[in-house]
Amino acid sequence: MRKLLGLLVVSCLVLTSAPRFAAAAELLVYTALEDDQIPVYIKSFKEQHPEIELKFVRDSTGVVISKLLAEKDNPQADLVWGTAATGLILLEDAGMIEAYAPKGLERINPRFRDARNPPTWVANDVFETGFCVNELELGAKKLPAPASYADLIKPEYKGLVVMPNPASSGTGYLTVAGLMALMGEEKAWAYLDKLHENMAMYTHSGSKPCKMAGTGEFPIGISFGYRGVMQKRKGEPVTTVFPAEGSGWDCEANALIKKKDMKPEAKVFLDWAISNPVMVEYAKNYGILAADDVPGFKVPEGYPADPVSKLIKEDLTWAAKNRDRILAEWEKRYGTKSEAKK
């Protein structure tokens with residue numbers, strides 16, 4: 001009887017001390033990915049990890065990075081996903097990133113990750129400068145499509161070009177920073193002065209110049225390359241031109257936020273963020289992936305055969321650390337042609 005009572009007591013202790021239900025882990029993810037992309041991308045994560053609940057704070061890269069910097073002394077986010085690498089470098093300088101090597105890191109092209117091991121940021125995909133050209137509109141004006149940056153400053157294109165304001169748009173800034181890397185600062189400012197003479201407007205959206213080219217409002221829109229490819233697939237009279245001198249570029253990248261209560265589930269998410277199931281989804285929106293061996297991936301029609309070779313050789317760290325200085329000068333020189341903010 002004593003043995004039986006002892007077993008019953010031990011059993012009761014085990015039952016009362018064990019939790020009835022395992023609590024679901026929760027991750028707060030800051031991202032600059034588009035609202036319509038997020039549900040598609042995370043489908044495979046939810047299938048693999050139903051025990052992890054995801055909450056998102058979504059805005060443009062500039063807003064996301066500013067919010068994170070404002071929260072430096074009390075970080076709220078667990079990680080950053082799909083945000084410009086030049087923005088993450090600013091967080092790195094502020095001591096806000098915990099280095100982490102996600103599973104599958106060896107698959108990532110070295111150009112598209114922090115060079116240290118473990119890295120502070122790792123990219124998913126790349127977005128690059130492209131010209132969206134409405135050749136029907138140019139044909140009506142008996143003008144050829146521009147093939148290069150040099151072509152864009154020809155006097156016959158006066159008033160026919162639109163591009164994103166680099167202070168508002170990551171696409172605008174990567175274009176300006178790419179020109180700095182290509183020409184050097186002095187020559188790049190001289191070039192931008194001439195380009196400004198042909199500029200009809202600077203937009204506050206990276207995709208808007210391509211949309212305007214598609215509708216024929218302005219026949220040449222400096223945007224990001226894949227945007228024009230997508231619009232052409234939908235039947236719009238747009239051709240994407242990748243400038244002969246090379247394209248400025250940046251990455252959509254991920255990082256682990258350094259905080260007192262870092263969750264192991266954040267690393268699980270970062271492992272997944274460069275895995276094949278989601279890389280296949282990134283490929284539906286970008287022509288260059290950070291991973292070199294994604295099954296079934298083909299360079300999209302309308303892209304160069306080797307698009308990575310067409311990227312300007314630039315230092316993303318320099319672009320990040322000089323951003324404020326460059327934007328202040330840009331605004332002083334060209335801000336009068338920016339569209340009004342809503």
Hey, does the side chain of T215 reach the backbone of M212 with a donor-acceptor pair shorter than 3.5 angstrom?
-> yes
Member of N285, T171, I288 meeting the side-chain contact (heavy atoms from CB on, under 4.5 Å) criterion with F127 = T171
Minimum heavy-atom distance A213-G221, with the two atoms named = CB-N, 4.2 Å
At what distance, to the nearest 0.5 angstrom, does OG of S247 lie from CD1 of I312?
-> 6.5 Å
Should the pair W330 and Y334 be assigned to parallel (<30°), tilted (30 to 60°) or perpendicular (>60°) ring geometry?
-> perpendicular
Do V238 and V229 sit in the same hydrophobic cluster, where Ile, Leu, Val, Met, Phe, Trp and Tyr count as joined when their side-chain heavy atoms come under 4.5 Å apart?
-> no
With the side chain counted from C-beta on, respond yes when I97 and K258 share a heavy-atom pair under 4.5 Å apart, and no when they do not.
-> no
Show your working on side-chain contact (heavy atoms from CB on, under 4.5 Å) between Q76 and Y30 and close with a plain yes or no.
-> CA-CA 9 Å; Q76 301 300 302; Y30 283 17; 3.7 Å; yes
Check residues 180-191 and write down every donor-acceptor pair under 3.5 Å in which the side-chain atom is one partner and the other belongs to a residue at least two apart or another chain.
residue	atom	partner	partner atom	Å
E185	OE1	R325	NH1	3.0
E185	OE2	R325	NH2	3.0
Y191	OH	Y149	O	2.6

Verdict with supporting geometry, L27 and I52, side-chain contact (heavy atoms from CB on, under 4.5 Å) | CA-CA 7 Å; L27 293 177; I52 301 176; 3.9 Å; yes
Any sub-3.5 Å donor-acceptor pair from R233's side-chain atoms to E236's backbone N or O?
-> no
From CE (M262) to CD1 (I257), nearest 0.5 Å = 10.5 Å
Look up atom CZ in F269 and atom CG in L256, then write down how far apart they are to the nearest 0.5 Å.
-> 12.0 Å
Which word best sums up how the rings of Y303 and Y226 line up, parallel for under 30°, tilted for 30 to 60°, or perpendicular for over 60°?
-> tilted
Keeping the roles fixed (side chain from T31, backbone from W81), state whether a donor-acceptor pair exists under 3.5 Å.
-> yes
Sub-4.5 Å side-chain heavy-atom contact between E137 and L143 = no
Where the side chain of Q231 meets the backbone of C210, is there a donor-acceptor pair that is under 3.5 Å apart?
-> yes
Are Y202 and L174 connected in a single hydrophobic cluster, I mean Ile/Leu/Val/Met/Phe/Trp/Tyr linked by side-chain heavy atoms less than 4.5 Å apart?
-> no
Can you tell me if K263 uses its side chain to pair, donor with acceptor, with the backbone of E26 under 3.5 Å?
-> yes
Side chains of D78 and E265: closer than 4.5 Å at any heavy-atom pair?
-> no
Have T203 and S205 got a donor and an acceptor in their side chains that come within less than 3.5 Å?
-> no
Where do R333 and H196 land on the side-chain contact (heavy atoms from CB on, under 4.5 Å) test, with the steps shown first?
-> CA-CA 9 Å; R333 289 177 182 238; H196 182 66; over 6 Å; no
With a 4.5 Å heavy-atom cut-off, do K67 and D59 have their side chains touching?
-> no
With sequence neighbours excluded, what pairs up with D250 under the salt bridge (charged side-chain N to carboxylate O under 4.0 Å, His left out) test?
-> none
Using the side-chain contact (heavy atoms from CB on, under 4.5 Å) rule, pick out the option among L79, N124, L88 that qualifies with N254.
-> N124
Taking T240 for the side chain and C132 for the main chain, is one N or O donor matched with an acceptor at less than 3.5 Å?
-> no
Polar contact flag, side-chain donor to acceptor under 3.5 angstrom, Y286-E252 = yes
In Å and rounded to the nearest 0.5 Å, what is the NZ to CD1 distance from K321 to I326?
-> 13.5 Å
Check whether V80 and I65 end up in the same hydrophobic cluster, where Ile, Leu, Val, Met, Phe, Trp and Tyr are linked by side-chain heavy atoms less than 4.5 Å apart.
-> yes
Please lay out, stage by stage, how R107 and N276 fare under the test side-chain contact (heavy atoms from CB on, under 4.5 Å).
-> CA-CA 10 Å; R107 304 168 59 233; N276 278 335; 2.4 Å; yes
Can you check whether Y100's main-chain N or O pairs, donor with acceptor, with K267's side chain at less than 3.5 Å?
-> no
Does some side-chain heavy atom of L160 sit less than 4.5 Å from a side-chain heavy atom of F218?
-> no
Kindly assign one of parallel, tilted or perpendicular to the pair F112 and W249, based on the angle between their ring planes and the thresholds 30° and 60°.
-> perpendicular
Closest non-hydrogen atom pair, E245 against A150 = OE2-N, 3.1 Å
How about P146 and V241: do any of their side-chain heavy atoms sit closer than 4.5 Å?
-> no
Are E339 and K208 close enough for a salt bridge, meaning some N to O gap below 4.0 Å?
-> yes
Counting distance only, does the side-chain N/O of E128 pair as donor-acceptor with the main-chain N or O of G225 below 3.5 Å?
-> yes
To the nearest 0.5 angstrom, please state how far the OG atom of S223 sits from the NZ atom of K211.
-> 9.0 Å
Sub-4.5 Å side-chain heavy-atom contact between P237 and N134 | yes
Atom pair CG (L68) and OG1 (T83), whose distance is rounded to the nearest 0.5 Å | 8.0 Å
Would you say the side chain of K154 lies within less than 4.5 Å of the side chain of P144, judging by non-hydrogen atoms?
-> no
Does E197 pair with K194 as a salt bridge, N-O distance under 4.0 Å?
-> no
Look only at the side chain of S66 and the backbone of V63, and say whether a donor-acceptor pair between them is shorter than 3.5 Å.
-> no
Taking all heavy atoms of A200 and all of G159, pick out the closest pair and write down the distance.
-> CB-O, 3.5 Å
Spell out, as yes or no, whether a donor-acceptor pair under 3.5 Å connects the side chain of K310 to the backbone of F242.
-> no
